[in-house]
2 protein chains.
Amino acid sequence: MQLDHKQVWETIADRLREDILDGHLPAGTRLVEADLASRFGVSRGPIRDALADLSRSGLAVDLPRRGTSVASLREDDLAEVYEVRRALEEGAVRMAIARATAEDLAEMDRLLNATEAAYHAGPLPAAWEADMAFHRIYCRMAGNGRLLALFDNLASQTVLLMRTALTEHASLAWTPPVEVHRHIADAIRACDVDAAVRAVAAHYQYTEDRLAGTAKPE
Amino acid sequence: MQLDHKQVWETIADRLREDILDGHLPAGTRLVEADLASRFGVSRGPIRDALADLSRSGLAVDLPRRGTSVASLREDDLAEVYEVRRALEEGAVRMAIARATAEDLAEMDRLLNATEAAYHAGPLPAAWEADMAFHRIYCRMAGNGRLLALFDNLASQTVLLMRTALTEHASLAWTPPVEVHRHIADAIRACDVDAAVRAVAAHYQYTEDRLAGTAKPE
DNA sequence: TGAATGCTAACTGTTGACAATTAACCGTGT
DNA sequence: ACACGGTTAATTGTCAACAGTTAGCATTCA
(Lines give C-alpha, C1' and ligand atoms only; values in the text may rest on other atoms or scores of the structure.)
Protein backbone atom coordinates (compact mmCIF):
# COMPACT_ATOMS: atom_id res chain seq x y z
CA MET A 1 0.00 0.00 0.00
CA GLN A 2 1.48 3.34 -1.04
CA LEU A 3 0.44 6.14 1.28
CA ASP A 4 2.57 8.56 -0.69
CA HIS A 5 5.53 8.47 -2.99
CA LYS A 6 8.14 8.65 -0.29
CA GLN A 7 9.15 5.57 1.61
CA VAL A 8 6.30 4.08 3.58
CA TRP A 9 8.25 3.89 6.82
CA GLU A 10 9.14 7.54 6.44
CA THR A 11 5.53 8.58 6.23
CA ILE A 12 4.72 6.50 9.27
CA ALA A 13 7.66 7.90 11.20
CA ASP A 14 6.50 11.43 10.42
CA ARG A 15 2.98 10.66 11.63
CA LEU A 16 4.27 9.11 14.83
CA ARG A 17 6.70 11.96 15.42
CA GLU A 18 3.85 14.39 15.04
CA ASP A 19 1.66 12.45 17.44
CA ILE A 20 4.43 12.33 20.01
CA LEU A 21 5.25 16.03 19.83
CA ASP A 22 1.56 16.95 19.84
CA GLY A 23 1.20 15.06 23.08
CA HIS A 24 -1.24 12.69 21.46
CA LEU A 25 1.10 9.84 22.37
CA PRO A 26 2.24 10.63 25.93
CA ALA A 27 5.65 9.67 27.19
CA GLY A 28 5.90 6.03 28.15
CA THR A 29 3.24 4.87 25.70
CA ARG A 30 4.12 1.46 24.34
CA LEU A 31 4.47 1.31 20.58
CA VAL A 32 3.45 -2.24 19.72
CA GLU A 33 4.45 -3.19 16.22
CA ALA A 34 1.42 -5.32 15.41
CA ASP A 35 -1.01 -2.65 16.62
CA LEU A 36 0.63 0.06 14.55
CA ALA A 37 0.76 -2.29 11.59
CA SER A 38 -2.98 -2.78 11.61
CA ARG A 39 -3.59 0.89 12.36
CA PHE A 40 -1.61 2.00 9.32
CA GLY A 41 -2.69 -0.92 7.17
CA VAL A 42 0.82 -2.14 6.46
CA SER A 43 2.96 -5.00 7.60
CA ARG A 44 5.34 -4.94 10.53
CA GLY A 45 8.40 -4.37 8.37
CA PRO A 46 7.92 -0.67 7.66
CA ILE A 47 6.73 -0.18 11.23
CA ARG A 48 10.01 -1.56 12.50
CA ASP A 49 11.90 0.83 10.26
CA ALA A 50 9.85 3.77 11.49
CA LEU A 51 10.34 2.83 15.14
CA ALA A 52 14.08 2.42 14.59
CA ASP A 53 14.13 5.92 13.17
CA LEU A 54 12.31 7.32 16.18
CA SER A 55 14.72 5.55 18.51
CA ARG A 56 17.68 7.04 16.71
CA SER A 57 16.05 10.46 17.00
CA GLY A 58 15.74 10.04 20.72
CA LEU A 59 11.95 10.25 20.70
CA ALA A 60 11.54 6.57 21.58
CA VAL A 61 13.51 3.99 23.51
CA ASP A 62 13.97 0.47 22.24
CA LEU A 63 14.68 -2.20 24.83
CA PRO A 64 15.74 -5.44 23.11
CA ARG A 65 13.00 -8.05 23.20
CA ARG A 66 10.87 -5.66 25.21
CA GLY A 67 9.68 -3.41 22.47
CA THR A 68 9.82 0.34 22.06
CA SER A 69 7.95 3.06 23.92
CA VAL A 70 7.73 6.81 23.68
CA ALA A 71 10.76 8.20 25.48
CA SER A 72 10.10 9.39 29.00
CA LEU A 73 13.00 11.70 29.65
CA ARG A 74 13.87 13.35 32.94
CA GLU A 75 15.47 16.55 34.18
CA ASP A 76 18.99 15.31 33.64
CA ASP A 77 18.09 14.46 30.04
CA LEU A 78 16.86 17.99 29.55
CA ALA A 79 20.12 19.29 31.03
CA GLU A 80 22.10 17.10 28.62
CA VAL A 81 20.12 18.30 25.64
CA TYR A 82 20.58 21.92 26.61
CA GLU A 83 24.31 21.48 27.06
CA VAL A 84 24.72 20.01 23.62
CA ARG A 85 22.45 22.61 22.08
CA ARG A 86 24.49 25.38 23.67
CA ALA A 87 27.71 24.02 22.20
CA LEU A 88 26.14 23.51 18.80
CA GLU A 89 24.47 26.90 18.66
CA GLU A 90 27.54 28.79 19.81
CA GLY A 91 29.24 27.32 16.78
CA ALA A 92 26.21 27.98 14.62
CA VAL A 93 26.08 31.71 15.26
CA ARG A 94 29.77 32.00 14.44
CA MET A 95 29.24 30.24 11.14
CA ALA A 96 25.97 32.06 10.48
CA ILE A 97 27.64 35.45 10.77
CA ALA A 98 30.19 34.42 8.18
CA ARG A 99 27.62 33.20 5.69
CA ALA A 100 24.34 34.99 6.24
CA THR A 101 22.58 36.61 3.32
CA ALA A 102 20.17 39.52 3.44
CA GLU A 103 17.22 37.21 2.97
CA ASP A 104 18.40 35.11 5.89
CA LEU A 105 18.52 38.13 8.16
CA ALA A 106 15.06 39.23 7.10
CA GLU A 107 13.70 35.76 7.79
CA MET A 108 15.42 35.77 11.17
CA ASP A 109 13.74 39.04 12.12
CA ARG A 110 10.39 37.69 11.04
CA LEU A 111 10.81 34.60 13.19
CA LEU A 112 12.03 36.67 16.12
CA ASN A 113 8.88 38.76 16.05
CA ALA A 114 6.75 35.65 15.64
CA THR A 115 8.41 34.09 18.67
CA GLU A 116 7.82 37.11 20.86
CA ALA A 117 4.23 37.28 19.71
CA ALA A 118 3.71 33.58 20.39
CA TYR A 119 5.07 33.82 23.92
CA HIS A 120 2.91 36.84 24.52
CA ALA A 121 -0.19 35.08 23.28
CA GLY A 122 0.35 31.61 24.73
CA PRO A 123 -0.39 28.70 24.81
CA LEU A 124 3.02 27.34 25.59
CA PRO A 125 3.41 24.41 23.17
CA ALA A 126 2.67 26.69 20.24
CA ALA A 127 5.21 29.19 21.54
CA TRP A 128 7.82 26.48 21.80
CA GLU A 129 7.30 25.75 18.14
CA ALA A 130 7.97 29.37 17.23
CA ASP A 131 10.91 29.42 19.62
CA MET A 132 12.45 26.41 17.90
CA ALA A 133 11.88 27.97 14.50
CA PHE A 134 13.89 30.98 15.62
CA HIS A 135 16.75 28.89 16.95
CA ARG A 136 16.60 26.82 13.79
CA ILE A 137 17.04 29.74 11.45
CA TYR A 138 20.57 30.56 12.49
CA CYS A 139 21.44 26.87 12.51
CA ARG A 140 20.27 26.83 8.92
CA MET A 141 22.17 30.04 8.17
CA ALA A 142 25.32 28.26 9.33
CA GLY A 143 25.18 26.37 6.06
CA ASN A 144 26.16 23.05 7.59
CA GLY A 145 23.76 20.20 6.88
CA ARG A 146 25.07 17.96 9.60
CA LEU A 147 24.75 20.67 12.22
CA LEU A 148 21.20 21.41 11.14
CA ALA A 149 20.22 17.74 11.32
CA LEU A 150 21.66 17.47 14.81
CA PHE A 151 19.79 20.59 15.87
CA ASP A 152 16.52 19.20 14.57
CA ASN A 153 16.99 16.05 16.61
CA LEU A 154 17.74 18.00 19.75
CA ALA A 155 14.87 20.38 19.14
CA SER A 156 12.44 17.47 18.91
CA GLN A 157 13.74 16.05 22.14
CA THR A 158 13.44 19.46 23.77
CA VAL A 159 9.79 19.81 22.85
CA LEU A 160 9.01 16.30 24.03
CA LEU A 161 10.82 16.92 27.29
CA MET A 162 9.15 20.24 27.95
CA ARG A 163 5.73 18.79 27.28
CA THR A 164 6.12 15.81 29.56
CA ALA A 165 7.78 17.90 32.23
CA LEU A 166 4.95 20.41 32.01
CA THR A 167 2.30 17.80 32.78
CA GLU A 168 4.21 16.64 35.83
CA HIS A 169 5.49 19.81 37.46
CA ALA A 170 3.64 22.83 36.24
CA SER A 171 6.46 24.99 37.59
CA LEU A 172 8.15 24.57 34.24
CA ALA A 173 5.46 26.70 32.62
CA TRP A 174 7.69 29.75 32.43
CA THR A 175 8.37 31.94 29.46
CA PRO A 176 11.91 33.06 28.79
CA PRO A 177 12.58 36.79 28.77
CA VAL A 178 12.18 38.11 25.27
CA GLU A 179 15.53 39.93 25.39
CA VAL A 180 17.62 36.76 25.12
CA HIS A 181 16.39 36.02 21.65
CA ARG A 182 16.71 39.60 20.56
CA HIS A 183 20.26 39.79 21.84
CA ILE A 184 21.22 36.84 19.68
CA ALA A 185 19.57 38.31 16.62
CA ASP A 186 21.13 41.73 17.19
CA ALA A 187 24.61 40.30 17.51
CA ILE A 188 24.23 38.23 14.37
CA ARG A 189 22.93 41.23 12.46
CA ALA A 190 25.89 43.28 13.73
CA CYS A 191 28.30 40.52 12.70
CA ASP A 192 29.69 40.53 16.23
CA VAL A 193 30.83 36.96 16.80
CA ASP A 194 31.83 37.39 20.43
CA ALA A 195 28.59 39.07 21.37
CA ALA A 196 26.58 36.41 19.56
CA VAL A 197 28.37 33.59 21.34
CA ARG A 198 27.90 35.38 24.65
CA ALA A 199 24.21 35.88 23.90
CA VAL A 200 23.71 32.20 23.20
CA ALA A 201 25.66 31.30 26.33
CA ALA A 202 23.55 33.71 28.36
CA HIS A 203 20.37 32.21 26.95
CA TYR A 204 21.35 28.73 28.04
CA GLN A 205 22.80 29.94 31.32
CA TYR A 206 19.41 31.43 32.11
CA THR A 207 17.63 28.26 31.06
CA GLU A 208 19.97 26.15 33.15
CA ASP A 209 19.47 28.31 36.22
CA ARG A 210 15.73 28.20 35.77
CA LEU A 211 15.90 24.46 35.37
CA ALA A 212 17.99 24.03 38.51
CA GLY A 213 15.57 26.30 40.37
CA THR A 214 12.49 24.29 39.44
CA ALA A 215 14.10 20.91 39.82
CA LYS A 216 14.92 21.46 43.50
CA PRO A 217 11.46 22.10 44.97
CA GLU A 218 10.09 19.06 43.23
CA MET B 1 21.82 -18.12 14.56
CA GLN B 2 23.26 -16.34 17.58
CA LEU B 3 26.68 -14.89 16.88
CA ASP B 4 26.75 -13.39 20.36
CA HIS B 5 24.36 -12.37 23.04
CA LYS B 6 23.71 -8.91 21.74
CA GLN B 7 21.34 -8.26 18.91
CA VAL B 8 22.38 -9.94 15.70
CA TRP B 9 22.14 -6.77 13.62
CA GLU B 10 24.33 -5.00 16.14
CA THR B 11 27.10 -7.56 15.77
CA ILE B 12 26.89 -7.28 12.01
CA ALA B 13 26.92 -3.50 12.14
CA ASP B 14 30.05 -3.59 14.28
CA ARG B 15 31.78 -5.93 11.87
CA LEU B 16 30.88 -3.78 8.89
CA ARG B 17 31.90 -0.60 10.67
CA GLU B 18 35.24 -2.17 11.41
CA ASP B 19 35.70 -3.27 7.82
CA ILE B 20 34.86 0.20 6.57
CA LEU B 21 37.21 2.02 8.94
CA ASP B 22 39.96 -0.52 8.30
CA GLY B 23 39.72 0.27 4.63
CA HIS B 24 38.72 -3.30 3.90
CA LEU B 25 35.52 -1.99 2.36
CA PRO B 26 36.59 1.06 0.32
CA ALA B 27 34.36 4.05 -0.16
CA GLY B 28 31.69 3.49 -2.77
CA THR B 29 31.52 -0.25 -2.26
CA ARG B 30 27.98 -1.47 -2.75
CA LEU B 31 26.52 -3.25 0.25
CA VAL B 32 24.09 -5.73 -1.28
CA GLU B 33 21.71 -7.16 1.27
CA ALA B 34 21.54 -10.66 -0.17
CA ASP B 35 25.30 -10.97 -0.42
CA LEU B 36 25.85 -9.84 3.14
CA ALA B 37 23.04 -12.15 4.27
CA SER B 38 24.77 -15.19 2.86
CA ARG B 39 28.17 -13.98 4.04
CA PHE B 40 26.98 -13.70 7.65
CA GLY B 41 24.69 -16.69 7.44
CA VAL B 42 21.56 -14.79 8.40
CA SER B 43 18.51 -13.51 6.61
CA ARG B 44 18.12 -10.08 5.08
CA GLY B 45 16.18 -8.70 8.02
CA PRO B 46 19.07 -8.16 10.43
CA ILE B 47 21.21 -7.01 7.51
CA ARG B 48 18.72 -4.27 6.76
CA ASP B 49 18.82 -3.18 10.38
CA ALA B 50 22.61 -3.08 10.36
CA LEU B 51 22.73 -1.08 7.14
CA ALA B 52 20.16 1.36 8.48
CA ASP B 53 22.41 1.88 11.49
CA LEU B 54 25.43 2.54 9.31
CA SER B 55 23.45 5.03 7.24
CA ARG B 56 22.39 6.79 10.41
CA SER B 57 26.05 6.93 11.47
CA GLY B 58 27.04 8.54 8.22
CA LEU B 59 29.29 5.67 7.19
CA ALA B 60 26.95 4.55 4.41
CA VAL B 61 24.46 6.22 2.12
CA ASP B 62 21.08 4.71 1.37
CA LEU B 63 19.42 5.72 -1.88
CA PRO B 64 15.81 4.52 -1.92
CA ARG B 65 15.33 1.56 -4.24
CA ARG B 66 19.00 1.79 -5.21
CA GLY B 67 20.57 0.17 -2.21
CA THR B 68 23.24 1.33 0.18
CA SER B 69 26.95 1.81 -0.40
CA VAL B 70 29.89 2.80 1.73
CA ALA B 71 29.84 6.57 1.98
CA SER B 72 32.20 8.34 -0.39
CA LEU B 73 32.56 11.73 1.20
CA ARG B 74 34.35 14.71 -0.24
CA GLU B 75 36.32 17.71 0.97
CA ASP B 76 33.22 19.71 1.81
CA ASP B 77 31.98 16.81 3.91
CA LEU B 78 35.24 16.83 5.79
CA ALA B 79 34.87 20.56 6.32
CA GLU B 80 31.36 20.06 7.66
CA VAL B 81 32.47 17.36 10.05
CA TYR B 82 35.30 19.49 11.34
CA GLU B 83 33.03 22.48 11.88
CA VAL B 84 30.61 20.44 13.96
CA ARG B 85 33.43 18.77 15.86
CA ARG B 86 34.90 22.15 16.70
CA ALA B 87 31.62 23.39 18.11
CA LEU B 88 31.07 20.20 20.06
CA GLU B 89 34.58 20.01 21.45
CA GLU B 90 34.66 23.66 22.49
CA GLY B 91 31.66 22.85 24.61
CA ALA B 92 33.20 19.58 25.74
CA VAL B 93 36.35 21.12 27.18
CA ARG B 94 34.29 23.65 29.11
CA MET B 95 32.22 20.86 30.62
CA ALA B 96 35.24 18.62 31.11
CA ILE B 97 37.02 21.24 33.18
CA ALA B 98 34.03 21.50 35.46
CA ARG B 99 33.75 17.75 36.00
CA ALA B 100 37.13 16.13 35.52
CA THR B 101 38.48 13.79 38.16
CA ALA B 102 42.11 13.02 38.86
CA GLU B 103 41.83 9.67 37.10
CA ASP B 104 40.44 11.42 34.03
CA LEU B 105 43.40 13.76 33.88
CA ALA B 106 45.85 10.90 34.24
CA GLU B 107 44.13 9.02 31.45
CA MET B 108 44.20 12.14 29.31
CA ASP B 109 47.96 12.49 29.78
CA ARG B 110 48.44 8.86 28.89
CA LEU B 111 46.47 9.25 25.68
CA LEU B 112 48.29 12.47 24.85
CA ASN B 113 51.63 10.72 25.02
CA ALA B 114 50.30 7.78 23.05
CA THR B 115 49.08 10.13 20.34
CA GLU B 116 52.42 11.89 20.02
CA ALA B 117 54.20 8.55 19.92
CA ALA B 118 51.83 7.22 17.28
CA TYR B 119 52.30 10.24 15.03
CA HIS B 120 56.03 9.93 15.47
CA ALA B 121 56.03 6.27 14.58
CA GLY B 122 53.46 6.26 11.78
CA PRO B 123 51.66 4.71 9.96
CA LEU B 124 48.96 7.29 9.65
CA PRO B 125 45.73 5.29 10.13
CA ALA B 126 47.02 3.95 13.43
CA ALA B 127 47.94 7.46 14.50
CA TRP B 128 44.45 8.68 13.66
CA GLU B 129 43.07 6.10 16.02
CA ALA B 130 45.24 7.37 18.85
CA ASP B 131 44.36 10.94 17.88
CA MET B 132 40.65 10.16 18.11
CA ALA B 133 41.15 8.46 21.45
CA PHE B 134 42.69 11.66 22.78
CA HIS B 135 39.87 13.84 21.50
CA ARG B 136 37.41 11.32 22.87
CA ILE B 137 38.73 11.43 26.40
CA TYR B 138 37.71 15.00 27.07
CA CYS B 139 34.38 14.41 25.38
CA ARG B 140 33.89 11.58 27.85
CA MET B 141 35.09 13.77 30.69
CA ALA B 142 32.32 16.20 29.82
CA GLY B 143 29.93 13.69 31.36
CA ASN B 144 27.28 14.09 28.69
CA GLY B 145 26.22 10.87 27.01
CA ARG B 146 24.57 12.56 24.07
CA LEU B 147 27.64 14.65 23.33
CA LEU B 148 29.86 11.59 23.50
CA ALA B 149 27.62 9.66 21.11
CA LEU B 150 27.67 12.52 18.65
CA PHE B 151 31.45 12.74 18.88
CA ASP B 152 31.80 9.02 18.18
CA ASN B 153 29.73 9.39 15.04
CA LEU B 154 31.77 12.32 13.83
CA ALA B 155 35.02 10.58 14.69
CA SER B 156 34.06 7.57 12.60
CA GLN B 157 33.22 9.80 9.69
CA THR B 158 36.50 11.61 10.10
CA VAL B 159 38.53 8.43 9.91
CA LEU B 160 36.61 7.23 6.87
CA LEU B 161 37.07 10.59 5.19
CA MET B 162 40.78 10.80 5.92
CA ARG B 163 41.34 7.31 4.64
CA THR B 164 39.51 7.77 1.37
CA ALA B 165 41.01 11.20 0.86
CA LEU B 166 44.46 9.78 1.50
CA THR B 167 44.15 7.24 -1.30
CA GLU B 168 43.08 9.92 -3.74
CA HIS B 169 45.32 12.90 -2.98
CA ALA B 170 48.32 11.88 -0.97
CA SER B 171 48.83 15.52 -0.05
CA LEU B 172 46.54 14.90 2.90
CA ALA B 173 49.18 12.71 4.49
CA TRP B 174 50.24 15.37 6.93
CA THR B 175 50.68 15.08 10.63
CA PRO B 176 49.37 17.85 12.84
CA PRO B 177 51.90 19.66 15.04
CA VAL B 178 52.10 17.94 18.38
CA GLU B 179 51.67 21.21 20.28
CA VAL B 180 47.98 21.60 19.47
CA HIS B 181 47.03 18.54 21.45
CA ARG B 182 49.31 19.45 24.30
CA HIS B 183 47.85 22.95 24.48
CA ILE B 184 44.38 21.50 24.91
CA ALA B 185 45.51 19.11 27.61
CA ASP B 186 47.46 21.81 29.44
CA ALA B 187 44.51 24.18 29.49
CA ILE B 188 42.18 21.50 30.78
CA ARG B 189 44.63 20.53 33.47
CA ALA B 190 44.95 24.19 34.46
CA CYS B 191 41.15 24.54 34.56
CA ASP B 192 41.46 27.50 32.19
CA VAL B 193 38.25 27.45 30.19
CA ASP B 194 39.12 30.30 27.87
CA ALA B 195 42.51 28.88 27.02
CA ALA B 196 41.03 25.44 26.43
CA VAL B 197 38.40 26.80 24.07
CA ARG B 198 41.04 28.81 22.25
CA ALA B 199 43.25 25.74 21.98
CA VAL B 200 40.46 23.69 20.43
CA ALA B 201 39.65 26.54 18.08
CA ALA B 202 43.30 26.83 17.09
CA HIS B 203 43.47 23.10 16.45
CA TYR B 204 40.57 23.22 14.05
CA GLN B 205 41.68 26.50 12.53
CA TYR B 206 44.96 24.82 11.64
CA THR B 207 43.18 21.78 10.26
CA GLU B 208 40.87 23.97 8.22
CA ASP B 209 43.75 25.96 6.76
CA ARG B 210 45.62 22.81 5.92
CA LEU B 211 42.49 21.41 4.31
CA ALA B 212 41.97 24.54 2.24
CA GLY B 213 45.61 24.45 1.23
CA THR B 214 45.49 20.89 -0.02
CA ALA B 215 42.11 21.18 -1.63
CA LYS B 216 43.17 23.96 -3.97
CA PRO B 217 46.02 22.30 -5.91
CA GLU B 218 43.86 19.28 -6.57
C1' DT C 1 25.74 5.99 -36.87
C1' DG C 2 22.98 7.70 -33.14
C1' DA C 3 19.11 7.89 -30.30
C1' DA C 4 15.07 6.02 -28.53
C1' DT C 5 12.52 2.06 -26.97
C1' DG C 6 11.51 -2.39 -25.10
C1' DC C 7 13.45 -6.29 -22.68
C1' DT C 8 16.02 -8.56 -18.92
C1' DA C 9 18.39 -9.24 -14.72
C1' DA C 10 19.37 -7.76 -10.20
C1' DC C 11 18.03 -5.76 -6.17
C1' DT C 12 15.15 -3.62 -2.77
C1' DG C 13 10.47 -2.92 -0.39
C1' DT C 14 6.99 -5.39 1.61
C1' DT C 15 4.51 -9.23 3.36
C1' DG C 16 2.92 -13.15 6.27
C1' DA C 17 4.44 -16.92 9.02
C1' DC C 18 7.39 -19.18 12.39
C1' DA C 19 10.59 -19.31 16.40
C1' DA C 20 12.24 -17.49 20.66
C1' DT C 21 11.88 -14.87 24.72
C1' DT C 22 9.90 -12.10 28.04
C1' DA C 23 6.44 -10.90 31.51
C1' DA C 24 2.44 -11.79 33.92
C1' DC C 25 -0.61 -14.85 36.16
C1' DC C 26 -2.06 -18.70 38.68
C1' DG C 27 -1.45 -22.29 41.72
C1' DT C 28 1.11 -24.67 45.23
C1' DG C 29 3.78 -25.28 49.27
C1' DT C 30 5.70 -23.60 53.47
C1' DA D 1 0.30 -14.46 54.22
C1' DC D 2 4.30 -14.81 51.48
C1' DA D 3 7.56 -16.73 48.44
C1' DC D 4 8.46 -19.69 44.72
C1' DG D 5 7.85 -22.49 40.39
C1' DG D 6 5.43 -23.56 36.27
C1' DT D 7 2.40 -22.27 32.62
C1' DT D 8 0.43 -19.23 29.28
C1' DA D 9 -0.28 -15.17 26.60
C1' DA D 10 1.72 -11.44 24.27
C1' DT D 11 5.33 -9.47 21.58
C1' DT D 12 9.54 -9.19 19.30
C1' DG D 13 13.37 -11.38 16.32
C1' DT D 14 14.07 -13.85 12.26
C1' DC D 15 13.11 -16.00 8.02
C1' DA D 16 11.81 -17.04 3.15
C1' DA D 17 9.03 -15.60 -0.67
C1' DC D 18 6.61 -12.22 -3.63
C1' DA D 19 6.06 -7.86 -5.95
C1' DG D 20 7.74 -3.66 -7.77
C1' DT D 21 11.38 -0.74 -9.46
C1' DT D 22 15.65 0.51 -11.23
C1' DA D 23 19.67 0.21 -14.28
C1' DG D 24 21.94 -1.80 -18.01
C1' DC D 25 21.74 -3.90 -22.53
C1' DA D 26 20.29 -5.20 -26.85
C1' DT D 27 17.42 -4.12 -30.58
C1' DT D 28 15.16 -1.20 -33.77
C1' DC D 29 14.17 2.81 -36.32
C1' DA D 30 15.39 7.16 -38.26
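As the structure is a computational prediction, the values presented were derived from the model and not from experiment. So you know, we letter chains A, B, ... as the sequences are listed, proteins then strands, and number each from 1.
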- Query: Counting side-chain heavy atoms from C-beta on, which of dT14(C), dT15(C), dC15(D) comes nearest to P46(B)?
  - Reply: dC15(D)
- Query: Looking at E90(A) and R86(A), does any basic side-chain N land under 4.0 Å from a carboxylate oxygen?
  - Reply: yes
- Query: Among dT12(C), dA16(D), dT11(D), which nucleotide sits nearest the side chain of R30(A)?
  - Reply: dT11(D)
- Separation of atom CG in L36(A) from atom P in dT15(C), rounded to whole Å: 14 Å
- Message: Any base atoms under 4.0 Å from G45(B), or only sugar-phosphate, or nothing? Heavy atoms, all strands.
- Response: nothing
- In terms of heavy-atom contacts, does CZ of R99(B) have more than 12 from other residues, nucleotides or ligands at under 6.0 Å? yes
- Task: Please state whether the phosphate of dA23(C), meaning OP1 or OP2, lies under 4.0 angstrom from any side-chain nitrogen or oxygen of R66(A).
- Result: yes
- Message: Any base atoms under 4.0 Å from L31(B), or only sugar-phosphate, or nothing? Heavy atoms, all strands.
- Response: sugar-phosphate
- Message: Whole angstroms only, please: what is the CG-P distance between D49(A) and dG13(D)?
- Response: 13 Å
- Rounded to whole angstrom units, what separation is found between the CG atom of L63(B) and the C1' atom of dG13(C)? 15 Å
- Query: How long is the line joining CD of E33(A) and C1' of dT22(C), in whole Å?
  - Reply: 14 Å
- Gap between atoms CD1 and C1', on I47(A) and dG13(D) respectively (whole Å): 16 Å
- So, does the side chain of R65(A) form a donor-acceptor pair with the base of dT22(C) at under 3.5 Å? no
- Specify the separation, in whole Å, of atom CZ of R48(B) and atom P of dT15(C). 11 Å
- Message: Just so I know, are the side chains of Y82(A) and E208(A) near enough to count as touching, which here means a heavy-atom distance under 4.5 Å?
- Response: no
- Basic-acidic side-chain contact under 4.0 Å: R30(A), D35(A): no
- Taking 4.0 angstrom as the limit, do R17(A) and D53(A) come out as a salt bridge? yes
- For R44(A) and dC18(C), what is the distance between atoms CZ and P respectively, to the nearest whole Å? 14 Å
- Please report, rounded to the nearest Å, how far the C1' atom of dT14(C) is from the CZ atom of F40(A). 16 Å
